[in-house]
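Predicted, not measured: the structure shown is a model, and the values here were computed from it. All ligand and atom numbering here is 1-based and tracks the order in the structure.
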Amino acid sequence: MLEILRGENIKKSYRSGDTIQKVLNGVNVKFERGKLYCITGASGSGKSTLLYILSGLDMPDQGEIYFNDEKIYKKYSNDKAMSEFRRKNFAFIFQFFNLLPTLTVEENILLPLFLAKAVTKEKKKLMDELMEKMNIYDKRNKAVNLLSGGEQQRVSIARAMILDCPIIFADEPTGNLDHKNSLQIYSLLKQMTRDYNKTVISVTHDMEMTSMADVIFTLKDGILIKSLAERENKNNYN
Ligand SMILES: Nc1ncnc2c1ncn2[C@@H]1O[C@H](COP(=O)(O)OP(=O)(O)OP(=O)(O)O)[C@@H](O)[C@H]1O
Ligand SMILES: [Mg+2]
């Protein structure tokens with residue numbers, strides 16, 4: 001089965017004072033293994049809210065999230081079980097990289113494995129391979145605060161990829177980078193879906209970045225609409 005994650009009829013509102021703001025109004029969405037998904041939409045349209053709900057960080061008011069066809073909020077009903085489930089299956093890439101500034105590139109990439117006492121020879125080999133692909137191998141013993149923004153984000157991608165998690169969530173991973181670096185990051189994310197069969201679900205408000213996606217979703221008026229990916233469009237019309 002290709003499908004790995006599915007959201008059905010997801011609804012979420014926020015109350016402030018007497019007013020209720022409906023942010024998600026019945027989102028239906030499916031994600032498959034080994035693909036890069038971009039979720040786009042205007043500022044305030046609910047992209048981050050949707051990502052938090054899909055990744056088990058926040059609960060919907062209504063609706064269900066299925067991981068490999070199992071209802072996650074039902075199966076992992078307490079906080080401890082849910083965070084254990086997330087740790088095993090979901091990795092995250094953030095806008096501000098979330099690296100430890102004084103640790104080296106290698107130390108940052110290995111940190112989650114080190115904390116889980118899961119550093120092995122195989123993982124170190126994979127780390128070298130990832131650093132090569134990310135073009136940061138030469139910087140491996142440098143403290144990350146001496147790296148450029150683009151390099152730092154490549155470190156955090158390597159840190160996400162070294163885990164066994166099948167899904168990587170990213171919220172505006174290039175929000176802090178210039179255009180050239182942003183395109184490079186998305187191109188690497190795409191490569192990672194191909195090389196390691198990972199599913200990447202990334203939020204971006206930059207339409208140009210979506211050209212790298214296999215599938216593009218747009219969030220508008222609380223509903224998610226699927227667009228054909230650029231690549232598929234081109235194949236259709238060339
Ligand atoms: N915890 C919260 N309490 C109240 N309102 C919230 C909360 N989180 C989000 N909102 C509101 O929900 C709406 C959607 O927010 P969200 O952060 O999901 O938007 P977004 O599409 O990610 O925007 P951006 O592109 O600016 O990051 C916004 O109007 C926001 O003010
Ligand atoms: Mg956001």
What residue and heavy atom of the protein are closest to [atom], and at what distance?
| atom | answer |
| --- | --- |
| atom 17 (O) of ligand 1 | S48 CB, 3.8 Å |
| atom 30 (C) of ligand 1 | Q21 OE1, 4.5 Å |
| atom 5 (N) of ligand 1 | Y14 CG, 3.3 Å |
| atom 25 (O) of ligand 1 | K47 NZ, 2.7 Å |
| atom 26 (O) of ligand 1 | S43 OG, 2.6 Å |
| atom 14 (C) of ligand 1 | G44 O, 3.3 Å |

Kindly check if the number of other-residue, nucleotide or ligand heavy atoms within 6.0 Å of [atom1] ([X]) is above 12?
| X | atom1 | value |
| --- | --- | --- |
| Y14 | OH | yes |
| K123 | NZ | yes |
| K124 | NZ | no |
| Y52 | OH | no |

Any heavy atom of G41 sitting closer than 4.0 Å to ligand 1? no
Does R15 come within less than 4.0 angstrom of ligand 1, counting non-hydrogen atoms of the residue? no
Using salt bridge (Lys or Arg N to Asp or Glu O under 4.0 Å) as the criterion, point out the one residue from E151, E132, E106 that pairs with K139. E151
If you measure from each non-hydrogen atom of A42 to ligand 1, which part falls under 4.0 Å: side chain, backbone, both or neither? backbone
Identify whether the distance between the nearest side-chain nitrogen and carboxylate oxygen of [X] and [Y] falls below 4.0 Å.
| X | Y | value |
| --- | --- | --- |
| D171 | K47 | no |
| K22 | D61 | no |
| E122 | K125 | no |
| E84 | K80 | no |

Before signing off on this row, confirm whether H205 and ligand 1 have an N or O atom pair separated by under 3.5 Å. no
By salt bridge (Lys or Arg N to Asp or Glu O under 4.0 Å), which residues pair with D79, not counting sequence neighbours? none
Please identify which atoms of ligand 1 are closer than 4.0 Å to at least one heavy atom of V23. 12 (O), 13 (C), 14 (C)
Per-atom contacts, ligand 1 versus G46 - under 4.0 Å to a heavy atom: 14 (C), 16 (P), 18 (O), 19 (O), 20 (P), 21 (O)
Counting distance only, does the side-chain N/O of Q21 pair as donor-acceptor with the main-chain N or O of S16 below 3.5 Å? no
Could you give me the CA-CA distance, side-chain angles and deciding distance for S187 and Q184, then say whether side chain to side chain donor-acceptor pair (under 3.5 Å) is met? CA-CA 5 Å; S187 153; Q184 195 188 23; over 6 Å; no
Closest to atom 16 (P) of ligand 1 (judged by heavy-atom distance), picking from T49, L50, T204: T49
What protein N, O or S atoms come within a distance below 2.8 Å of the Mg ion (ligand 2), ordered by chain and number? S48 OG
